[in-house]
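Input: a single structure, listed below in structure tokens.
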Protein chains: 2
Amino acid sequence: MAVVDRRQQVLQAATKSFSLFGYKATTMDQVAKIANVGKGTIYTFFTNKEQLFDEILREVMMDMKVIAEREIRRERSFFENLHRVLDALLEFRSEHELFIKLSQESRDFGTPQANEGLDKLENVVLEYLQREVEHAMDQGEVKPCDPKIVSLVMFRLYIVLTAELNRVHEPLTKEQIKNYFHLFLAEGLAE
Amino acid sequence: MAVVDRRQQVLQAATKSFSLFGYKATTMDQVAKIANVGKGTIYTFFTNKEQLFDEILREVMMDMKVIAEREIRRERSFFENLHRVLDALLEFRSEHELFIKLSQESRDFGTPQANEGLDKLENVVLEYLQREVEHAMDQGEVKPCDPKIVSLVMFRLYIVLTAELNRVHEPLTKEQIKNYFHLFLAEGLAE
DNA sequence: GATTGACCGAAATAGTAAAACAGTCATATC
DNA sequence: GATATGACTGTTTTACTATTTCGGTCAATC
């Protein structure tokens with residue numbers, strides 16, 4: 001069995017365990033067992049638990065970037081691209097399961113590694129948003145304003161519409177999310 | 001010393017203690033001491049710690065409503081009123097200290113009473129916002145859409161601009177908050 | 001030379017004794 | 001005799017300790 005293969009086995013097992021149980025509740029013995037590998041083997045590829053977790057986050061972030069790039073059509077409008085990308089990210093199960101589990105862990109225990117992980121994932125999205133906003137502003141598609149603020153507001157709005165709202169309201173359809181996203185960000189409420 | 005007076009003493013002392021130490025870390029002995037009252041006296045006015053806390057929340061919520069009503073000028077536009085009210089509420093320190101302490105407690109310990117208290121305070125604001133949105137929609141000042149969703153988005157946007165943003169950005173001035181609030185909610189970003 | 005699991009010290013958890021707490025009520029006060 | 005009080009009580013929380021679990025190592029194994 002090739003070296004790359006064992007490394008992959010470990011990464012897959014760890015991804016599964018982190019997504020299922022979170023950072024704290026994932027033990028290295030467990031990862032070794034799921035990966036069908038001696039515990040020591042893990043440490044030939046990764047220096048410690050935290051670095052293994054970082055590696056997985058790196059993979060997730062790379063996946064997210066690939067997904068985002070794939071969905072962008074430069075000939076389409078900024079808002080259309082924006083929604084397509086967010087939609088595609090929402091669709092992606094594996095990224096999402098880890099994200100949700102880490103959110104739970106952050107809320108319930110405040111595990112520092114879960115917090116930092118979430119921050120990293122969030123920052124990838126924010127940086128992507130910021131670049132796109134800047135581009136759209138250059139193109140004159142968006143009014144001039146601080147891209148940092150705009151991207152943060154966009155991200156939060158997306159979270160509110162896709163997650164938070166569900167506590168007081170039945171979940172919105174994709175079409176509704178798209179419409180409200182456009183209503184608030186593009187058109188504005190004023191009649 | 002009149003009955004009303006002692007009740008007021010207890011309420012003031014409890015408000016102080018809850019604002020300073022939160023729900024969990026406030027003891028009835030402490031409240032009695034601050035109020036210069038025997039502990040038993042508290043229980044002649046309030047059935048238990050939780051009901052005392054509820055009573056204080058009720059007071060805070062009433063204050064908030066009074067503040068909101070006072071700021072509304074029916075001859076002015078919806079967005080102007082909206083901003084004036086949120087501004088006035090932000091200004092109101094005493095309510096704010098309790099709010100901030102409860103937020104801390106909710107984050108650090110997840111005390112159920114702190115969570116419920118925050119939900120109650122939030123709901124007062126949300127209900128107020130919803131009513132105002134409905135009124136503005138009737139007046140044709142705002143495009144027709146679900147007031148529940150709009151009010152939640154407004155509230156979250158307000159939190160992002162006044163609090164969350166400060167972690168990655170220097171705090172905005174009141175004027176800037178007002179401008180961004182108007183930009184996102186009223187005008188929209190699209191050029 | 002790659003892989004492993006028994007092994008180690010550190011860290012988390014469970015168990016327990018002690019302290020603090022919410023709420024009561026017999027007594028004190030006016 | 002109506003009101004106020006703090007010592008008292010059963011329960012919960014906390015502080016402390018014993019035990020277990022876990023991350024990481026490394027001599028033995030394949």
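Sequence lines set the chain letters: A, B, ... in the order given, protein chains first and strands last, and positions in each chain run from 1.
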- Task: Provide the closest heavy-atom pair for B/Leu57 versus B/Gly117 in the form atom of the first, atom of the second, distance.
- Result: CD1-CA, 3.5 Å
- Query: So, the side chain of A/Ser19 versus the backbone of A/Glu97: is there a donor-acceptor pair under 3.5 Å, distance only?
  - Reply: no
- Task: Examine D/dA4: is either OP1 or OP2 under 4.0 Å from a nitrogen or oxygen in the side chain of B/Arg6? Give yes or no.
- Result: yes
- Who passes side chain to side chain contact (heavy atoms under 4.5 Å, CB included) against A/Asp29, sequence neighbours left out? A/Thr27, A/Lys39
- Item | Nucleotide D/dC22, atom P - distance to CZ of A/Phe21 in whole Å | 12 Å
- Atom-to-atom span, CD of A/Gln113 to P of C/dA11 - whole angstrom: 13 Å
- Query: Within this structure, what is the CZ-to-P distance between A/Arg7 and C/dA2, rounded to whole angstrom?
  - Reply: 15 Å
- Item | Whole angstrom value for the distance that separates C1' of C/dT4 from NZ of A/Lys33 | 15 Å
- Sugar-phosphate or base contact per nucleotide [nucleotides 18-24 of chain C; S, B, -; heavy atom under 4.0 Å]: ---SBBB
- How close or far is atom P of C/dC25 from atom CD1 of B/Ile42, stated in whole angstroms? 17 Å
- Looking at B/Phe79, does the NZ or CZ of B/Lys178 lie under 6.0 angstrom from its six-membered ring centre and within 45 degrees of the ring axis? no
- Would you please confirm or rule out a distance under 4.0 Å between OP1 or OP2 of C/dT3 and any side-chain N or O of A/Thr41? no
- Task: Return yes if some donor-acceptor pair links the side-chain N/O of A/Glu55 with the main-chain N/O of A/Leu11 below 3.5 Å, else return no.
- Result: no
- Below 4.0 angstrom, N of the basic side chain to O of the carboxylate: do B/Arg74 and B/Glu132 qualify? yes
